Amino acid sequence: SGLTHESHRKDVEQVYLRCSEGSIEWMYPTGALIVNLRPNISPASYKHLTVCIKPFKDSAGANIYLEKTGELKLLVRDGDRSPSRVYCFGYDQGGLFVEATPQQDISRKITGFQYELMSKGIAADLHTASAPCRPCSDTEVLLAVCTSDFVIRGSIQNVTNEAEEQESVIHVGVNKLYRQKSKVFQLTGESGNWRGQIKTLLECGVKPGDGDFLFTGRMHFGEARLGCAPRFKDFQRMYKEAKDKGLNPCEIGPD
């Protein structure tokens with residue numbers, strides 16, 4: 001809290017974080033914070049990391065910069081209300097410099113954001129600029145089965161479009177849960193059905209439809225993000241073809 005050093009408004013404080021994901025909440029920001037992300041991995045691996053931050057919806061009171069060797073590049077301007085906006089940069093591009101903005105009133109201000117450190121390959125999967133809605137090839141599907149944070153067989157129960165955030169929420173009924181990194185898909189009600197939600201871009205135009213799909217994807221800031229999602233019968237075909245040729249990257253029961 002900035003109130004703990006009200007008399008040191010121009011102070012720059014250092015914060016060191018060892019976790020690969022977490023959040024920063026700075027109440028009554030004054031002065032500046034330098035946020036040093038120091039994950040418990042070999043420093044030689046830092047160059048392979050991408051940092052992503054997602055400001056809290058009501059974050060206010062400071063600008064967030066990318067800083068390297070004294071040069072500042074503005075990432076998030078104080079008061080920017082872009083919903084669900086995520087800002088990503090290479091770990092070697094610099095660190096985070098959070099500077100409080102002058103305030104004319106004494107109303108409560110909190111600057112906050114979530115952060116995640118991930119390999120550049122995973123970050124590219126989540127933020128692919130070219131053809132984000134393109135169907136996956138057979139090879140991409142089979143690899144996604146092995147490497148995704150969640151893999152389920154299920155059907156689309158409903159799709160909710162969030163125009164402001166430019167996202168669609170896919171409400172999924174789960175028929176078989178192969179793997180999940182966190183408990184996004186859970187048992188609901190007395191019927192004992194598994195259900196969950198997966199987010200994707202609004203521009204992909206996902207609509208409710210009949211039949212089962214194989215849903216794969218990544219966890220990103222606590223949300224399931226859609227990766228490859230072929231029709232289940234198509235997945236069974238490509239899995240069998242790869243298995244007959246001994247080319248499956250990993251084993252999974254496709255039935």
Side-chain angles (χ1 to χ4, degrees), residues 17-25 35 37 39 41 45-46 48-59 64 66 75-76 80-91 93 96 112-136 140-141 143-152 154 156 159-172 174 177-186 194-206 213-230:
L17 303 175
R18 292 286 182 183
C19 298
S20 60
E21 60 182 81
S23 62
I24 291 284
E25 187 176 80
V35 181
L37 301 177
I41 61 174
S45 301
Y46 288 171
H48 302 297
L49 292 177
T50 291
V51 181
C52 290
I53 67 169
K54 182 179 182 181
F56 295 161
K57 192 170 291 186
D58 54 354
S59 179
I64 303 175
L66 183 61
L75 277 180
V76 187
D80 185 356
R81 292 290 184 267
S82 302
S84 298
R85 178 77 184 271
V86 173
Y87 305 81
C88 296
F89 53 91
Y91 184 92
Q93 288 182 259
L96 290 171
F113 58 88
Q114 295 172 272
Y115 74 89
E116 285 186 352
L117 283 164
M118 65 191 79
S119 73
K120 288 186 176 178
I122 292 174
D125 289 344
L126 287 165
H127 301 92
T128 174
S130 59
C133 307
R134 171 184 61 81
C136 294
E140 289 170 328
V141 169
L143 190 59
V145 168
C146 306
T147 61
S148 293
D149 292 335
F150 63 87
V151 182
I152 61 168
I156 301 176
V159 177
T160 305
N161 293 321
E162 300 177 344
E164 184 183 6
E165 299 187 2
Q166 288 297 295
E167 291 183 330
S168 293
V169 181
I170 308 168
H171 303 265
V172 177
V174 180
L177 179 65
Y178 295 101
R179 180 172 68 253
Q180 66 171 334
K181 183 178 178 180
S182 56
K183 297 179 180 180
V184 173
F185 305 97
Q186 297 185 344
W194 286 77
R195 297 187 182 280
Q197 297 180 356
I198 305 173
K199 287 195 171 185
T200 190
L201 298 178
L202 181 64
E203 66 186 87
C204 294
V206 177
F213 296 83
L214 185 80
F215 295 101
T216 69
R218 300 281 184 187
M219 295 302 300
H220 193 42
F221 292 115
E223 298 175 340
R225 308 293 309 190
L226 185 64
C228 296

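The model shown is predicted, which means the values in this text are computed figures rather than measured ones.
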* Before accepting this row, confirm whether a basic side-chain N of the pair E140/R134 lies closer than 4.0 Å to the acidic partner's carboxylate O. => yes

* To do: First locate atom OH of Y115, then atom CD1 of I24, and finally report the distance between them rounded to the nearest 0.5 Å.
  => 7.0 Å

* Minimum heavy-atom distance V141-C136, with the two atoms named -> CG2-CB, 3.7 Å

* Under 4.5 Å between any side-chain heavy atoms of L96 and F113, yes or no? -> yes

* Identify the two heavy atoms, one from C88 and one from T50, that lie closest to each other, and give their separation to 0.1 Å. => CB-CG2, 4.1 Å

* Asked: Under a 4.5 Å cut-off applied to non-hydrogen side-chain atoms, are Y91 and H48 in contact?
  -> no

* Tell me, with the steps shown, if V169 and K199 meet side chain to side chain contact (heavy atoms under 4.5 Å, CB included). => CA-CA 5 Å; V169 181; K199 287 195 171 185; 3.9 Å; yes

* Residues forming a side chain to side chain donor-acceptor pair (under 3.5 Å) with T160, sequence neighbours excluded -> H171

* Could you grab the distance from atom CG of D149 to atom OG1 of T216, nearest 0.5 Å is fine? => 10.0 Å

* To do: Quick one: pull up NE2 in H220 and CD in Q114 and give me the separation to the nearest 0.5 Å.
  => 9.5 Å

* Structure fact -> So CG of L37 and CG of L117: to nearest 0.5 Å the spacing works out to 5.0 Å

* Asked: Which atom names give the shortest non-hydrogen contact between Y87 and L75, and what distance separates them?
  -> CE2-O, 3.2 Å

* Asked: Between P39 and L49, is any pair of side-chain heavy atoms under 4.5 Å apart?
  -> yes

* Asked: Would I152 and W194 count as a side chain to side chain contact (heavy atoms under 4.5 Å, CB included) if you check the C-alpha gap in whole Å, the side-chain angles of each, and the deciding distance to 0.1 Å?
  -> CA-CA 10 Å; I152 61 168; W194 286 77; over 6 Å; no

* To do: Would you name the heavy atoms of F215 and A229 that are closest together and state the gap between them?
  => CD2-CB, 4.0 Å

* To do: Walk me through it: do Q180 and Q186 pass the test side chain to side chain contact (heavy atoms under 4.5 Å, CB included)?
  => CA-CA 10 Å; Q180 66 171 334; Q186 297 185 344; 5.7 Å; no

* Asked: Does E21 reach the main-chain N or O of F221 with its side chain, forming a donor-acceptor pair under 3.5 Å?
  -> no

* Heavy-atom distance under 4.5 Å between the side chains of L214 and Y178, does that happen here? -> yes

* To do: Please name all residues satisfying side-chain contact (heavy atoms from CB on, under 4.5 Å) with A224, sequence neighbours left out, ordered by chain then number.
  => F150, V184, I198, M219

* For F185 against Q197, the heavy-atom pair lying closest together -> CE2-N, 4.3 Å

* Asked: Do M118 and R218 have side chains that get closer than 4.5 Å, going by heavy atoms?
  -> no

* **Taking every non-hydrogen atom, the tightest pair across S148 and G217** => CB-O, 3.3 Å

